[in-house]
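Here the structure comes first, spelled out in structure tokens, and everything after it is commentary.
Because only heavy atoms are used, hydrogens play no part in the values below, and waters and symmetry mates are left out as well, while side chains stay in.
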Amino acid sequence: MQIVHASTVRHPLANPSWCARIFDAKAARSGGIVRRAVRDVEREIGRAAFVTEVSRRGFHLVECGGQFIVICNPGQLIVHT
């Protein structure tokens, strides 16, 4: 588990284009998948802001192995085990 100190976390408004660049990627625009390290998300905009933005867009978010995987498609999500 990584500890992130408040002094190293930027305020969401400190880098407003960071999140916009993620969702402007070709993969996101075409309904594909984008992946970002959890530590990078927490440092740049914060987990809560990222989750809110993914939800606002109607996309799906999965966290696994220190990575956020965003499925940039609002369609039904079925997980097969």
Say you draw a straight line from [atom1] of [X] to [atom2] of [Y]; how long is it, rounded to the nearest 0.5 Å?
| X | Y | atom1 | atom2 | result |
| --- | --- | --- | --- | --- |
| Arg39 | Glu44 | CZ | CD | 11.5 Å |
| Cys19 | Asp24 | SG | CG | 11.5 Å |
| Ile33 | Ile69 | CD1 | CD1 | 8.5 Å |

Salt bridge between Arg43 and Asp40, side-chain N to carboxylate O under 4.0 Å?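 Yes, charged N to carboxylate O under 4.0 Å.
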Quick one: does any side-chain atom of Ser30 pair with a main-chain N or O of Lys26 as donor and acceptor, under 3.5 Å?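 Pair found, side chain donor or acceptor close to backbone of Lys26.
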Once side chain to side chain contact (heavy atoms under 4.5 Å, CB included) is applied, do any residues pair with Arg57, and if so which ones, sequence neighbours excluded?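 Applying side chain to side chain contact (heavy atoms under 4.5 Å, CB included) to Arg57 gives Phe23, Glu53, Phe59.
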Measuring only between side-chain heavy atoms, which start at C-beta, is Val70 closer than 4.5 Å to Arg35?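 No; the side chains remain at least 4.5 Å from each other.
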With a 4.5 Å cut-off on side-chain heavy atoms, are Val62 and Phe68 touching?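 Side-chain contact under 4.5 Å: no.
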Work out which heavy atom in Arg36 is nearest to a heavy atom in Ile22; give both atom names and the distance.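 Taking every non-hydrogen atom into account, NE-CG1, 3.6 Å.
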For the residue pair Asn73 and Gly31, what are the closest heavy atoms and their distance?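 Looking at all heavy atoms of both residues, the closest pair is CB-O, 3.9 Å.
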Using the rule that Ile, Leu, Val, Met, Phe, Trp and Tyr join whenever any side-chain heavy atoms are under 4.5 Å apart, tell me whether Val54 and Val34 fall into a single cluster.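 Per the 4.5 Å side-chain linkage, Val54 and Val34 are co-clustered.
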